[in-house]
K.L.:
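Below you'll find the structure I mean.
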Amino acid sequence: MASSSHIQNSEALETETKRESQLAAERAKKHLKSRRAREWRFKLWGRAAVLFALASLIWLLFSLAGTGFTAFQQNFMTLDVELTESVISPDGTRDPQELRGANYRRVLQETMYDLFPEVTERRERRDLFALTSASGATHQIRLMVYNDPSLIGQTVTLTVPTSDNVDQLLKGYIDRDLPESLRKVSNEQIVWIDSLKKRGIIKKKFNTILFTHPDSRDPELAGIAGAVVGSIMIVVIAFLLALPIGVGSALYLDEFAPKNKWTDLIEININNLAAVPSIVFGLLGLAIFINFMGLSRSIPLVGGMVLALRAFPTIVVATRAALRSVGPGIVNGALSLGASHTQSVFQQKLPLAAPGILTGSIIAMAQVLGETAPLLMIGMVAFVTEVPNSVTDPSTALPVQIFLWSDSAERAWSERTAAAIIILLVILILMNGLAIWLRNRLEKRR
Amino acid sequence: MDIQNPKFVCRDVRVHYGDFEALHGINIDIADRGVTAFIGPSGCGKSTFLRTFNRMNDTIEGARVSGSVTMDGQDIYDKGLDPVLLRARVGMVFQKPNPFPKSIYDNVAYGPKIHGMTSGKAEMDALVERSLRRAGLWEEVKDRLKIAGTGLSGGQQQRLVIARAIAVNPEVILMDEPASALDPIATAKLEALIQELKERYCIIIVTHSMAQAARVSDKTAFFYMGDLIEYDATEKIFTNPGDTRTQDYITGRTG
Ligand SMILES: Nc1ncnc2c1ncn2[C@@H]1O[C@H](COP(=O)(O)OP(=O)(O)O)[C@@H](O)[C@H]1O
Ligand SMILES: [Mg+2]
């Protein structure tokens, strides 16, 4: 009797357990549906966000490439220039002073007129001559003759850029169907240009001028060389100043400084420094380096020092993060062998932190390279037509050059602006790539 | 427990981390040769106590040591004594193998280099070889001394760390759970090595494995919540403990 009731009991228990677990499974199933829906919504949202970011980036790149790409090619004229003695050195002395100031414009004009003998009227001839980039070409001839006076009397072959209007017309940016009064190129000029093109005198080539020339008033003669050299000087100065000072500060704060409210204060301030708007550094540089220390405006030395201030907090933060990522094991190992604290830090910890420090520094230098506002404050926005030879020569920087060019509305300038932006972006991407490559390489060695 | 010619004599050793007292006045004598094991539940202060012998507690922020520890009769906490020199005499092996990310050779040579112990490459080569031999690693690595120490297996790394410690000619080797990250085979090798090393060095080993303590040590000290509860010959501790807390621990009733 007792045993049968026991069996009944256990059967009842079993069915009850079964029912309960069934119920639970059903509930979980229902819940699963809403759980899946939630997950699905989240995934969708995430994908949309990524897609949006990607689309903006691609749009930016395409619009840049669309405008800027044509600036990497330019139309040039190949001219046979007769260096007539009666024009260059009428008295035949070939005195250097005379050669420097001779009328090379006249030489070039004669060359152009010879190409179209039928053009005789003054106004027409002026229009014809306007097809070349006169200042660039005369400069080229002057250099040639000045360096080698024996060329006088001979005929030399020169390749000079066409004027920007010719270039734009041939690139299809000036509409030939527009009424003549609305066009920058006259009907007559179009006929000449097409003729020169057909004769093979005008040819499209890779635009080396963009890379080898400094800034100019004429777009066809303008290049980024001055700005690039200025930028390199700025980045090198900023790196040489910010790296040792930044790494030193980080090392001292992390490893050697006593922990008290003063070092806490310094730490907070360094972290805040990283968030200070960059134009403030420009003001600071203006006040300290130019007004107080009396350095000139517009020079890479001041630019580099100002941007070293800008890079400093980034390097400190990166260095401290890198130092902290080195586990205590290595340092303890060195200490347990009888290394002093300083030895363990410099011989074991710092080398391990080096990849992180280097990566942080390169990122900081990429920031420096793209920085514009502080440079405007210290006058690096000047119009400089020479490549700086030293860090105390007036100069611009690449982003400032872009800023300057973007101010001009003409198509020839906007094309070069976009091209300069592309170059800046390529350099930045290369720098970031270098940072990643270095980090991977150095980390593999661990 | 009476020990003839002890290497270390500790009297009323207390260690504080800030306001927290981790060790409440430890008195112990450590024998000059042989292996002394520290056992006890996690957090009882074994590592903390081990670190008092090479003053590694000095490197921990907020840690304070009081009381007296003498080594061969000399107070190792004496103001005039540089812990850097002490650590050359008292080597240490950590729980997680921590070879430097350098070649095997450079790992072993690092200590002698910073102490200026050798002159010339030949001398250093000999010292590196001798140290690796004593650590039982020479045969395995003699053809690849230039590869990174971090590329070795866990057990090999731990023996490399021992070779590194041996290279500075220590008198004492401290080991803090040296086998806890190793597989059974590597552990057996390490234990065999400890048996060899104890002929030359005073070895103090912290272990959470009672079987290991029983296998490798000559004397065992049982710690419990910052106190030294019992200290005796290993055999005695494991067969006939004098304190119920020791008994509970070794029979697995506390952990
Ligand atoms: N660096 C430290 N700072 C603060 N407290 C610590 C530190 N190291 C250990 N302790 C504390 O001291 C006590 C003993 O720790 P430890 O010596 O590591 O024990 P065991 O090695 O026996 O597990 C523990 O309560 C632990 O929390
Ligand atoms: Mg421990």
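Owing to the predicted nature of the structure, the values given are computational and were not obtained by experimental measurement. Every chain is numbered from 1, with letters handed out A, B, ... down the list of sequences.
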K.L.:
What distance separates B/Phe94 CZ from A/Asn332 CG, expressed to the nearest 0.5 Å?
P.N.:
4.5 Å
K.L.:
Return yes when atom NZ of B/Lys146 has more than 12 non-hydrogen atoms of other residues, nucleotides or ligands closer than 6.0 Å, and no otherwise.
P.N.:
yes
K.L.:
Please state whether the side chain, the backbone, both or neither of B/Met92 comes within less than 4.5 Å of a heavy atom of chain A.
P.N.:
both
K.L.:
Is it the case that over 12 heavy atoms from other parts of the model lie below 6.0 angstrom from the CZ atom of B/Arg200?
P.N.:
no
K.L.:
Relative to chain A, which segment of B/Val161 carries a heavy atom at a distance below 4.5 Å: side chain, backbone, both, or neither?
P.N.:
neither
K.L.:
So does A/Leu337 get a backbone contact from the side chain of B/His115, meaning a donor-acceptor N/O pair under 3.5 Å?
P.N.:
yes
K.L.:
Less than 4.5 Å to any heavy atom of chain A: does that hold for the side chain of B/Pro97, its backbone, both, or neither?
P.N.:
neither
K.L.:
Quick one: of B/Val168, B/Val90, B/Ile114, B/Leu174, who has the most non-hydrogen atom pairs under 4.5 Å with chain A?
P.N.:
B/Ile114
K.L.:
Could you check whether any side-chain heavy atom of A/Gln347 comes within less than 4.5 Å of a side-chain heavy atom of B/Phe100, counting everything from C-beta outward?
P.N.:
no
K.L.:
Where does B/Gln95 contact chain A at under 4.5 Å (heavy atoms): side chain, backbone, both or neither?
P.N.:
neither
K.L.:
Can you confirm whether B/Val84 sits close enough to A/Gln343 that some side-chain heavy atom of one is under 4.5 Å from a side-chain heavy atom of the other?
P.N.:
no
K.L.:
With a 4.5 angstrom heavy-atom cut-off, which part of B/Arg89 approaches chain A: side chain, backbone, both or neither?
P.N.:
neither
K.L.:
Got a second to check how far A/Ser336's OG is from B/Ile173's CD1, nearest 0.5 Å?
P.N.:
11.0 Å
K.L.:
Please indicate whether A/Phe292 has more than 12 foreign heavy atoms, meaning atoms of other residues, nucleotides or ligands, lying under 6.0 Å from its CZ.
P.N.:
no
K.L.:
Roughly how far, to the nearest 0.5 Å, is the NZ atom of B/Lys102 from the CG atom of A/Leu352?
P.N.:
9.0 Å
K.L.:
In the structure I gave you, are the side-chain heavy atoms of A/Pro328 and B/Asn98 within less than 4.5 Å of one another anywhere?
P.N.:
no
K.L.:
Kindly indicate whether the side chain of B/Arg87, heavy atoms from C-beta on, has any atom under 4.5 Å from the side chain of A/Leu335.
P.N.:
yes
